[in-house]
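The block underneath contains the structure these notes are about, expressed in structure tokens.
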Amino acid sequence: MNQQFTAIWPGRPYPRGASWDGEGVNFALFSEHAEKVELCLFDSKDRREIQRIVLRERTDEIWHCYLPEARPGLLYGYRVYGPYRPEEGHRFNPNKLLLEPYAKDIIGKLAWSDAHYGYSFNSKQDDLSFDPRDNAADMPKCMVIDPAFTWGDDRPPRIPWSDTIIYEMHVKGYTMQHPEVPQQLRGTYAGLATGPAIEHLKRLGVTTVELMPVHTFLDDHRLVKQGLRNYWGYNSFGYFAPDARYSATGLVSEFKTMVKKLHSAGIEVILDVVYNHTAEGNHLGPTLSFRGVDNASYYRLKPENRSRYLDYTGCGNTLNMQHPRVLQLIMDSLRYWVLEMHVDGFRFDLASALARELHEVDRLGAFFDIIQQDPVISQVKLVAEPWDLGEGGYQVGNFPIGWAEWNDKYRDTMRAYWKGDGGLIGEFAQRFTGSSDLYGTSGRNPNASINFITAHDGFTLHDLVSYDRKHNEANHEHNRDGTDNNLSWNSGVEGATDDPAIKALRALRKRNFLTTLLFSQGVPMLLSGDEIGRSQAGNNNAYCQDSELSWIDWNLDSDKSDMLEFVQRIIWLRRSHPVFRKRHFFQGRPIRGKDVKDIMWLSPDGREMSDEEWNNSFARSLGVYLSGEELNDHDARGHALVDDNFLLLFNAHHEEVRFTIAQYDSDPQWEVLLDTHYGSGLPAKRLLRPGAVYPLQGRSVAVLTSRRQKNKTAT
């Protein structure tokens, strides 16, 4: 497509972006401080600039025009004119081709050169002088799309929070080495949509995939020079366009097909989104989009020196949530992904940065108000990473009703407990039962807590039990990057080993972590590959490792197969028993007409824990009785949920602890469903009567049930 357009109509200021209406294309770009805007059109073959159109219409700070002869497939960008006065916050430079913030498709790769920088920097004078070089030849281009897609009878699965099991995954890393995914589809949306890729998720039993960033993002200049890539993708600059590096076809519809097929399998899709900062970085970063369109509107600038940025993210800049057009951009993006792409929710990276008003995090801020009032976004799953890097940014437990949160207090407590640290049984009990201290007082329920042991940021589960310290040398940062506070233990030897005793201990410890996670109240989140022992060789910050170090190895030996079978089983148990996924907190109150409570914490002698026992610094073992008799909950048809009663026994001590099975109500006998010491097998003596003693081996979990409910309702 290389025609020159002669018919140029005024167009409309809304919707923003490039919108094909079946007859022509409307273009609308916000810039409050611009003095002139040019729409630049490019040849579709050699991507040569063929025409510039001055947008003469301006309505409410929106520059717009309509091209009645334009069609989908048209490539375009913008040049924006205005003052270049960095000290006042203005960085306009029409020599820089700009990507549109509302672009629905971005094609081509950015070829790094000094021309992408809008300034020439004199470090001695701290000067940001105007740079006249043109960067268009090395820039990706925006493309007009036809949004039409046959969704058929696609419906969101709408899985209740209480039934949700999240699987955090990377689109490329999940399929890149999958032997049953066709070679040409590996690492792509189409690859994730294949039968083998989806079948693993179904067999595993997860309900919801959380995709690491798929908004178009940038490979940092520094990383490219080192031969690395921004693998994780937390460097967005296209909030409407799915990143083309994960596309086998180059079509936006490929992402839609993936969502449709996952929905057909009953699996939800949540996107990890990065609205807190952009890929343009700090004051020395490139001018690619927002900075050149209207720097003073899009970014938080330091009041004492507006050539610099307020940085609550650690990434150089922070989007200006105080500006109504920036808020509109984010809300329009969220709605687009729900209404046009059919996703089921979002996990907000560094969400505290979005809640900052003047400076402090404000849980009653404009962003939360707009989300809560929006008829579309308020109805999908909303997950916060409830911290940023600014002062007062740690906000675990403080997000409003309607939000779930990554609960790092859960992660740290469970890591420390199973490492063998003492004095943690009280904290363990609090986290295991849904963290009511964090969420109960504000009217939220256990499902506000996203429980996890591992996530993309940090050790994998296998590395958590295999390394005492990080090994990030491959990142070329002299092992200075990544946290040193891993709460890990290598089980006796640092890294890989053939020692059968250490390998058995590591497998046991992984089973303990996963069993605790799946039977805790709240929403469990698994890191992709943990179910088969994925390792990153001790790298706890593999953000730049687009290689086999990060990709899942699907070659399953007997150990990996055993782990997969075990994880499938505990997920099935969780999904089969509503007592493990209550929508309300346990109360610790007696059940009507009974001598037992809905929950009882037990010492190894079978009695309820005393205050003194809770405070024992040496205590590393405890049990919990969960009554399924009165769950105070109902299924989708309104039937009262009733379940079996359960005993869970935890022993983080390295030696055997003998647990007495006391008489709880009228429970006639207890069946051992699971003991992590035996893996997928079971101990020889599976049935126990009250008064019996159960020898729980060191560093193990046992799950027992009293099967006496005849008409329980379970899903």
Side-chain angles (χ1 to χ4, degrees), residues 168-174 176 210-214 217-236 245 272-274 276-277 279 281-282 311-316 347-353 385-390 393-394 406 408 411-412 415-416 419 452-490 494-496 513 525-530 533-553:
E168 189 196 27
M169 67 184 301
H170 190 284
V171 169
K172 183 175 184 179
Y174 182 76
M176 195 61 189
E210 181 177 300
L211 303 183
M212 291 176 66
V214 296
F217 62 90
L218 186 68
D219 290 321
D220 316 62
H221 197 179
R222 174 184 64 84
L223 293 178
V224 172
K225 288 189 292 186
Q226 295 176 332
L228 301 173
R229 294 289 183 267
N230 192 319
Y231 174 67
W232 285 355
Y234 292 92
N235 207 27
S236 302
R245 73 189 74 193
D272 195 338
V273 290
V274 189
N276 54 78
H277 75 281
N282 65 13
D311 181 11
Y312 297 112
T313 67
C315 300
R347 179 266 188 188
F348 292 81
D349 179 65
L350 299 180
S352 291
E385 182 183 36
W387 50 78
D388 64 18
L389 300 187
Y394 187 76
W406 273 26
D408 68 331
R411 175 199 64 196
D412 293 349
R415 286 187 176 194
K419 185 164 69 76
F452 64 104
I453 305 296
T454 55
H456 68 273
D457 189 1
F459 280 147
T460 66
L461 184 61
H462 183 80
D463 290 355
L464 186 67
V465 301
S466 304
Y467 294 90
D468 278 352
R469 58 190 182 277
K470 66 188 181 186
H471 296 266
N472 297 357
E473 290 80 7
N475 298 352
H476 298 173
E477 298 181 43
H478 307 289
N479 207 35
R480 292 193 296 261
D481 63 304
T483 183
D484 293 312
N485 183 30
N486 296 292
L487 294 171
S488 63
W489 174 44
N490 64 19
E494 188 75 357
F513 278 123
M525 184 182 79
L526 293 168
L527 173 62
S528 178
D530 276 354
R534 180 172 73 90
S535 173
Q536 293 175 170
N539 192 321
N540 74 349
N541 189 35
Y543 75 101
C544 56
Q545 299 297 327
D546 187 0
S547 66
E548 293 181 359
L549 184 73
S550 296
W551 306 335
I552 294 179
D553 179 1

N/O donor-acceptor pair under 3.5 Å between [X] side chain and [Y] backbone:
X: Glu385; Y: Leu350; answer: yes
X: Ser488; Y: Tyr467; answer: yes
X: Asp272; Y: Pro213; answer: no
X: Ser528; Y: Met169; answer: no
X: Asp388; Y: Gly390; answer: yes

Answer yes if the side chains of [X] and [Y] hold a donor-acceptor pair under 3.5 Å, and no otherwise.
X: Asn475; Y: Gln545; answer: yes
X: Asp546; Y: Trp551; answer: yes
X: Asn282; Y: Asp311; answer: no
X: Asp220; Y: Tyr543; answer: no
X: His456; Y: Tyr234; answer: yes

Answer yes or no: does atom CD of Glu494 have more than 12 heavy-atom neighbours from other residues, nucleotides or ligands under 6.0 Å?
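Above 12, so yes.
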
Write down the atom of [X], the atom of [Y], and the distance for their closest heavy-atom approach.
X: Ala455; Y: Met525; answer: CB-CE, 4.0 Å
X: Gly173; Y: Tyr231; answer: CA-OH, 3.1 Å
X: Ser352; Y: Gly393; answer: OG-O, 2.8 Å
X: Ala353; Y: Asn276; answer: CB-CB, 3.8 Å
X: Trp406; Y: Trp387; answer: O-CZ3, 3.8 Å
X: Val214; Y: Val171; answer: CG1-CG2, 4.0 Å

Mark yes or no: Arg415 above the aromatic ring of Phe459, with NZ or CZ under 6.0 Å from the six-membered ring centre and no more than 45 degrees from the axis.
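Here Arg415 fails the 6.0 Å and 45° test against Phe459.
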
Pair Asn486, Arg469 - check side-chain contact (heavy atoms from CB on, under 4.5 Å), show working.
CA-CA 7 Å; Asn486 296 292; Arg469 58 190 182 277; 5.8 Å; no

Quick check for you: to the nearest 0.5 Å, what is the distance between [X] atom [atom1] and [Y] atom [atom2]?
X: Ser466; Y: Gln536; atom1: OG; atom2: CD; result: 12.0 Å
X: Asp481; Y: Cys544; atom1: CG; atom2: SG; result: 7.0 Å
X: Asp349; Y: Cys315; atom1: CG; atom2: SG; result: 7.5 Å
X: Asn490; Y: Asp468; atom1: CG; atom2: CG; result: 3.5 Å
X: Leu223; Y: Gln226; atom1: CG; atom2: CD; result: 6.0 Å
X: Ile453; Y: Asp530; atom1: CD1; atom2: CG; result: 9.5 Å

Closer than 4.0 angstrom, basic N to acidic O: yes or no for Asp219 and Arg245?
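Salt bridge between Asp219 and Arg245, a charged N being under 4.0 Å from a carboxylate O: yes.
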
Evaluation steps, side-chain contact (heavy atoms from CB on, under 4.5 Å), between Asn230 and Leu218
CA-CA 7 Å; Asn230 192 319; Leu218 186 68; over 6 Å; no

Aromatic contact between Tyr174 and His170, with the criterion being ring centroids under 6.0 Å apart: yes or no?
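Ring-ring flag for Tyr174/His170: false, centres at least 6.0 Å apart.
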
State which residue, out of Asp553, Leu527, Asp463, Thr454, fulfils the side chain to side chain contact (heavy atoms under 4.5 Å, CB included) condition with Arg534.
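So, applying the side chain to side chain contact (heavy atoms under 4.5 Å, CB included) to Arg534 and each of Asp553, Leu527, Asp463, Thr454, only Leu527 qualifies.
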
Decide yes or no for Leu464 and Trp489: does some side-chain heavy atom of the first lie under 4.5 Å from some side-chain heavy atom of the second?
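Heavy-atom side-chain distance check fails, nothing below 4.5 Å.
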
Are the side chains of Asn235 and Val274 in contact, using a 4.5 Å heavy-atom criterion?
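Result no, sub-4.5 Å side-chain heavy-atom pair not found.
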
Residue among Asn539, Asn479, Asp484, Asn541 satisfying side-chain hydrogen bond (donor to acceptor under 3.5 Å, both in side chains) with Lys470
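Going through Asn539, Asn479, Asp484, Asn541 one by one, the side-chain hydrogen bond (donor to acceptor under 3.5 Å, both in side chains) with Lys470 is satisfied by Asp484 alone.
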
